[in-house]
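This one's a predicted model, so the numbers in the text were calculated from it and none came from an experiment. Per chain, numbering begins at 1; letters A, B, ... match sequence-line order. Only this structure's heavy atoms are used, side chains among them; waters, hydrogens and symmetry mates stay out.
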Protein chains: 4
Amino acid sequence: MPKIVNKEQKRKDIAIACSELIHEIGIKKLTVSKCAKTANIGKGTIYEYFESKEDIIFEIINLHIEQYHTQFIQSIKNVKSSKEKVFHFFKFVLDDSIENTKLFNSYREYLSIVLSEDNVNMKNFNVNCDVFFKTQLEKIIQDGIDNKELISQAIEFCEGLLIYEKGLALMKMTNNDFDTKVSSKKFINNLFELIEIKKEK
Amino acid sequence: MPKIVNKEQKRKDIAIACSELIHEIGIKKLTVSKCAKTANIGKGTIYEYFESKEDIIFEIINLHIEQYHTQFIQSIKNVKSSKEKVFHFFKFVLDDSIENTKLFNSYREYLSIVLSEDNVNMKNFNVNCDVFFKTQLEKIIQDGIDNKELISQAIEFCEGLLIYEKGLALMKMTNNDFDTKVSSKKFINNLFELIEIKKEK
Amino acid sequence: MPKIVNKEQKRKDIAIACSELIHEIGIKKLTVSKCAKTANIGKGTIYEYFESKEDIIFEIINLHIEQYHTQFIQSIKNVKSSKEKVFHFFKFVLDDSIENTKLFNSYREYLSIVLSEDNVNMKNFNVNCDVFFKTQLEKIIQDGIDNKELISQAIEFCEGLLIYEKGLALMKMTNNDFDTKVSSKKFINNLFELIEIKKEK
Amino acid sequence: MPKIVNKEQKRKDIAIACSELIHEIGIKKLTVSKCAKTANIGKGTIYEYFESKEDIIFEIINLHIEQYHTQFIQSIKNVKSSKEKVFHFFKFVLDDSIENTKLFNSYREYLSIVLSEDNVNMKNFNVNCDVFFKTQLEKIIQDGIDNKELISQAIEFCEGLLIYEKGLALMKMTNNDFDTKVSSKKFINNLFELIEIKKEK
DNA sequence: TATGAATGAGCATTCATTCAT
DNA sequence: CATGAATGAATGCTCATTCAT
């Protein structure tokens, strides 16, 4: 009986094996050879499970984002106020820990590829990501409205916040003078000033 | 004595000559040879005026943006309402004319390079662009406040709008499902709902 | 499973294939493309076995010298007198046959590279060559001493002779007026005059 | 009246101006542009006085060697013993002062060029250098013979010593393991052991 | 005489992908 | 299933030299 290999699982396995690699050397310097060596398989074998080098990168980034999604859901579980939850939502751009910086840089390089080519897989994947985060944001805001924290129009700003977060990431990536933390705090505070229901004393 | 050329001017001249080229074949496929041929000069001559291939690209993009800045200032001159001016500000992402699409695509490719490398010139240039547009936006909003169109807190949203516009561009570049026009209209309308001074009937 | 090649052997094979090439066109005009064509392999394949163009040159010269070493040991086998053996030792600079001239010229070009760069491989290789020839020379002289042909102090001149031979090569390479044969004969005769044990009549 | 320029003198002047340049950046990295700038003249003007880039290098090296010749004659003026004078003759290879190291390295690069091309000027120049040093060496040795320091056959070793010195230089340039000082001392001492007239006690 | 703008040939190297075994 | 040997297209940059002014 021949060994039955679960292709989808092996894709994941290879991606997991190369997960760190992409942080260490960056996407640009990632070669198929290095991937094969890191995953302890032959170069040719890579092509049994991936269509192209980009496909590998895609799978690895996919993995990272999936992990990030899980973490995100976990992280806002015990957060009470809507504003705080929104700040958690911005963690990806605001957190300067080594761990998150690696993630952020990988995403920057990934973005560079997405912008220079026209990869359908990648674009679809982006759509999914956007949907995930928009859904999360809507849940956060709707909870806030239900709790009488936020005015009902607040729900209209979900997409705007999502887009603002993207712009924030882009700013951080392209403008060294830009103070991401100060700017985002100011924006969110000002926005909440307008959409929060003032508590009576 | 040989003729003395104005180096800075010739840089511009070469950039102008190659200006269309970058739209036609894209930044990625731009080669120094093609630039030289298009500008009707020798390949070596290019290097008398540019330090590297990137330097050429940089100068051309510079040229495009400069033109865009001039056009922008011109275009809002006769616009009356603040909201309309802000929409003009978003023209770069909203206008789907052939002309603007070319510009937008070049910027996408340029962004791809900026994100994948660490070019100081390019980053400085980005800083300058951001400063320009932030200044313009502040002028627009401040005028609106002065004209009693907008509430005084509106000025706090300038940077936020700038960042939102960047996010909008990124969305348009990476997510085919995204309807830029609808989204931005909704966001701006909702925001103005909050920052506009309601006129009495 | 694909065939497994002996990397070290293939390196040699490629070097052998390009061995003549270096004589024909010289080191300076040697290009990787020409090497690949001559060896009937792809340009990329070259880089599977060599680190750089210099590495190829190095391997070819290595090959030549190795052959020369073997020939040298063979050639002095049946030579009786120490002086004659020393003249064999000088064969590389004295022999004007087409074959040896090719070798000498290749060495000249190789030397030119060694002198202009700081290649560790090449320097180590030079050390090994010097060790080989010094050892050979010591054997020759020691045999002469053991056979009562030479005075015991003769052994002290081994390194000197080695160095003299290098100087002789350099003279031949840089000074067209120089008569290598006459000069070396004179020097060796004069030296042997001093270190030979005079036979009683 | 037009300015009469002594071509030969201007050649020297330019060479003098670029004299240090060759030490600083090395022959390989010397460009005609840099020479022109250093000499405060136009690039085209260089070609009024020099036939080629090599011609410039040649003139500079010429200058260095001329200076060295003068120094050499000066330096042995007050040296008494023949052996000591011979050691002065070897100063070029033995002196590790910064000054002499610069000179030695420039000569190494110059040699690299001489070995890779077939420049008649350079070869002729080498002949002259060899003649100069051979003459000096003959004077030294002849003086030793006249002073009853050396045996009459010693004169026969002049050319040999010259060639040995060349070999010594080549060794130093190509073999990092080689101890120039130890080797040359041993050789000269051993040789003088044979050619010196032993003083009676 | 002096200049400096213009030139363009020439070449090493990388690496994703294929396919014979 | 697995492999790794073979491939070759594609391109930025230097710099000695010329020659119009």
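Rounded to whole angstrom, the span from the CD1 atom of B:Ile27 across to the P atom of F:dT11 amounts to 15 Å. If you take NZ of C:Lys53 and P of E:dC11, they are 8 Å apart, rounded to a whole angstrom. E:dG4 atom P lies 18 Å from atom NZ of D:Lys34, rounded to whole Å. The OH atom of B:Tyr47 sits 6 Å away from the P atom of F:dG12 (whole-angstrom rounding). The separation between C:Ile56 atom CD1 and E:dA12 atom P is 8 Å, rounded to whole Å. Spacing between atom NZ of A:Lys29 and atom P of E:dA16 amounts to 14 Å, rounded to whole angstrom units. Atom CZ in B:Phe50 sits roughly 17 Å away from atom C1' in E:dT7 (whole-Å rounding). In this structure, B:Ile14 places its CD1 atom 11 Å from C1' of E:dA6, rounding to the nearest Å.
Residue B:Glu51 qualifies as open at atom CD: its count of foreign heavy atoms under 6.0 Å is 12 or below.
Using a 4.0 Å heavy-atom distance criterion, B:Ser52 is classed as a sugar-phosphate-only contact. Using a 4.0 Å heavy-atom distance criterion, C:Thr31 is classed as a sugar-phosphate-only contact. Backbone-only engagement by A:Ile41 is indicated by non-hydrogen atom pairs under 4.0 Å involving sugar-phosphate atoms exclusively.
The closest side-chain donor-acceptor pair between B:Glu109 and B:Asn105, if any, does not fall under 3.5 angstrom.
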Item to check | side chain to side chain contact (heavy atoms under 4.5 Å, CB included) evaluation trace for D:Thr174 with C:Leu115 | outcome: CA-CA 7 Å; D:Thr174 57; C:Leu115 292 183; 3.9 Å; yes
Item to check | salt bridge (Lys or Arg N to Asp or Glu O under 4.0 Å) between D:Glu20 and D:Lys102, worked out | outcome: CA-CA 10 Å; D:Glu20 258 313 296; D:Lys102 277 183 183 175; 3.7 Å; yes
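For B:Lys10, counting side-chain heavy atoms from C-beta on, the closest listed nucleotide (E:dA6, E:dT13, F:dA5) is E:dA6. Side-chain atoms of B:Lys43 lie closest to E:dG8 of the nucleotides E:dA2, E:dG8, F:dA2. The side chain of A:Thr45 has F:dT3 as its nearest neighbour among F:dT3, F:dC13, E:dT13.
Across all strands shown, the partner of E:dA20 is F:dT3, judged by Watson-Crick or G-U wobble contacts whose two distances both fall under 3.5 Å.
Take the nearest nucleotide of DNA chain E for B:Gly42 and for A:Lys28: the residue whose nucleotide is more 5' is B:Gly42. Summary of the strand contacts: B:Leu30 and D:Glu48 both lie near DNA chain F, and taking for each the nucleotide with the nearest heavy atom, the more 5' one is attributed to B:Leu30. Position along DNA chain F of the nearest nucleotide to C:Tyr49 versus D:Glu51 favours C:Tyr49 as the more 5'-ward residue.
Classification of the D:His23-D:His64 ring pair by plane angle, with boundaries at 30° and 60°, yields parallel.
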